[in-house]
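A short write-up of the structure that comes next.
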Number of protein chains: 2
Amino acid sequence: MTKKPTKAATRSAASAKGNVPVTSEEAAAPASSRAARAAERRAAIVEAALEEFIARGFAATRLDDIAKRAGVAKGTIYLHFKDKESMFEELVRIVIVPVVERLTTLPPPTGSVRDLVEAFATNFLKEVANTRRGDLVRLIVAEGPRFPAVADFYYREVVSRGIAGMRALIELGIARGEIREKNLARFPQILVAPAMIAVIWQSLFARHAPLDAQEMLRVHLDLIFGERRTT
Amino acid sequence: MTKKPTKAATRSAASAKGNVPVTSEEAAAPASSRAARAAERRAAIVEAALEEFIARGFAATRLDDIAKRAGVAKGTIYLHFKDKESMFEELVRIVIVPVVERLTTLPPPTGSVRDLVEAFATNFLKEVANTRRGDLVRLIVAEGPRFPAVADFYYREVVSRGIAGMRALIELGIARGEIREKNLARFPQILVAPAMIAVIWQSLFARHAPLDAQEMLRVHLDLIFGERRTT
DNA sequence: GAATTATGACTGACTAGTCAGTCATTGTCA
DNA sequence: TGACAATGACTGACTAGTCAGTCATAATTC
């Protein structure tokens, strides 16, 4: 079979029209242009949908707008997603899964518990609070009650894991004498609360009163672990 | 025409059906039944709208549903509110203003700062967290970005006041030596964060993992003021 | 019975989802 | 290798339905 020629042609055609700003160093990838373009389009749709849903909420988002933003016809969306609702649900999964993976893989077994938590916090700020991801959290809070599937998923994949992880850290901190308040292990939510508040604050009140999240989290850790810096 | 009976009928019908739990000591008011009924209807509409908006969000809420729930024709809504959007905005004001008034009037100049804060927290749980009001907070978080007017109002009337009040309490606590962490005054958000988290948790994850908010807040206060109870 | 208030049928704008048709890509065959 | 056929990704006009807002009519009040 002669497969080479087609490939070359495909290639140039794709790159000529495709100012698709998504990923892509598929330079090495031998991806057949057909499949590659499909993947690109899907990615563009996901990106556009995320943007629109965050900006307008589920109900007020028009699929026409998503299509336009993605540079795709409306029908194309339905080649990738069953309907608006399941698109939203898949979207949340698609965006969250990699973040969870990255955050759970991180823990470098360094020194004190405080350092661990602080590193985690810094990372959280960089990866979530100051990103589109932060708005996604707000979106989940907003739409959760109307999308039990989303709320469930988020609880299972993010919240319960996060709480469990934090609890483990707290217990370690207590065991090592870094944390005085024993009851904290019963409510790891307390450890995370200011971070969540920071996320919400940024998207609602930042323009009224900017919040130095990094510094706030540090103060909060001082509260839990006792002072430390020269401050 | 026989008008008396109608009136009586109307009256009783209204009170029979109308378990409108809102205001109303119009007992003393010489309010012509005309004005009184109008007020009742308005209250019913507000109540119904609140319920629907909380359950479905702004965009997905139908005025027909609000009307039906309020026991009113759709046209009647337009006798009280300009349109859906301004109804939503007014709604937030109508519900929030009395709460703010009640909470700001409270401070009984009792003993320790910790007692003050704890009383406030308990009150907050009773008045907000376990009420429709709590869901309203979530609704504001959800719709805030699309309703700058609402976000502004909420910031001005609730957040900035709350932050200021908390800061005053914290400074008092520091002055009296009850609070060790001086930097806390720079981020009163930390003091409030768990309470907000509790509100959000209740409406999103309560069914996955119930949260004893009261107890969580107490632990948080222990963290700030130092242990206390026999626990 | 005039004035005020309430009603709900109606309208028009808008949108989720569909589907017949197009055409670039891929596979096949000489 | 070049021509032809098959494929299926993609399109966008279209349908069916929804819903905010209106207004002629009806009910109520004074």
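A note on names: the letters A, B, ... follow the listed sequences, proteins ahead of strands, and every chain is numbered from 1. FYI, side chains are in, hydrogens and waters are out, and symmetry mates aren't considered; it's all heavy atoms of this structure.
Regarding contacts with the backbone of C/dA16, a side-chain N or O of A/Lys84 is found under 4.0 angstrom from either OP1 or OP2. Between C/dT7 and B/Arg41, a contact under 4.0 Å exists linking OP1 or OP2 to a side-chain N or O.
A straight line from CZ of A/Arg62 to P of C/dG17 spans 15 Å, rounded to a whole angstrom. Atom-to-atom, CZ of B/Phe81 to P of D/dT22 comes out at 16 Å; the value is rounded to the nearest Å. As rounded to whole Å, 16 Å separates atom P of D/dT18 from atom CG of B/Leu63. In this structure, A/Lys74 atom NZ and C/dT18 atom P are separated by 10 Å, rounded to whole Å. Put simply, CG on A/Asp64 is 7 Å from P on C/dA16, counting in whole angstrom units. Atom NE2 in A/His80 sits roughly 8 Å away from atom C1' in D/dA9 (whole-Å rounding). Atoms OH (A/Tyr78) and C1' (D/dA9) sit 17 Å apart, rounded to a whole Å. Atoms CD (B/Glu40) and P (C/dA6) sit 11 Å apart, rounded to a whole Å.
Annotation for A/Ile54 and A/Arg138: closest pair O-NH2, 3.8 Å, computed over non-hydrogen atoms.
For the pair A/Arg146 and A/Phe58, the cation-pi criterion (under 6.0 Å, within 45° of the ring axis) is not fulfilled.
A salt bridge links B/Glu51 and B/Arg132; the closest N-O separation between the charged side-chain nitrogens and carboxylate oxygens is under 4.0 Å.
Proximity of a side-chain donor or acceptor of B/Thr122 to a complementary backbone N or O of B/Glu118 within less than 3.5 Å is detected.
In this structure, CD in B/Glu85 is found 5.0 Å from CZ in B/Phe147, a value given to the nearest 0.5 Å.
In the region residues 65-73 of chain A, proximity to DNA chain C at under 4.0 angstrom, judged on heavy atoms, holds for none of the residues.
Residues A/Arg133 and A/Val137 form no side-chain contact, since every pair of their non-hydrogen atoms from C-beta on lies 4.5 Å or further apart.
As judged by a 4.0 angstrom heavy-atom cut-off over every strand, A/Leu79 is placed among the base-contacting residues.
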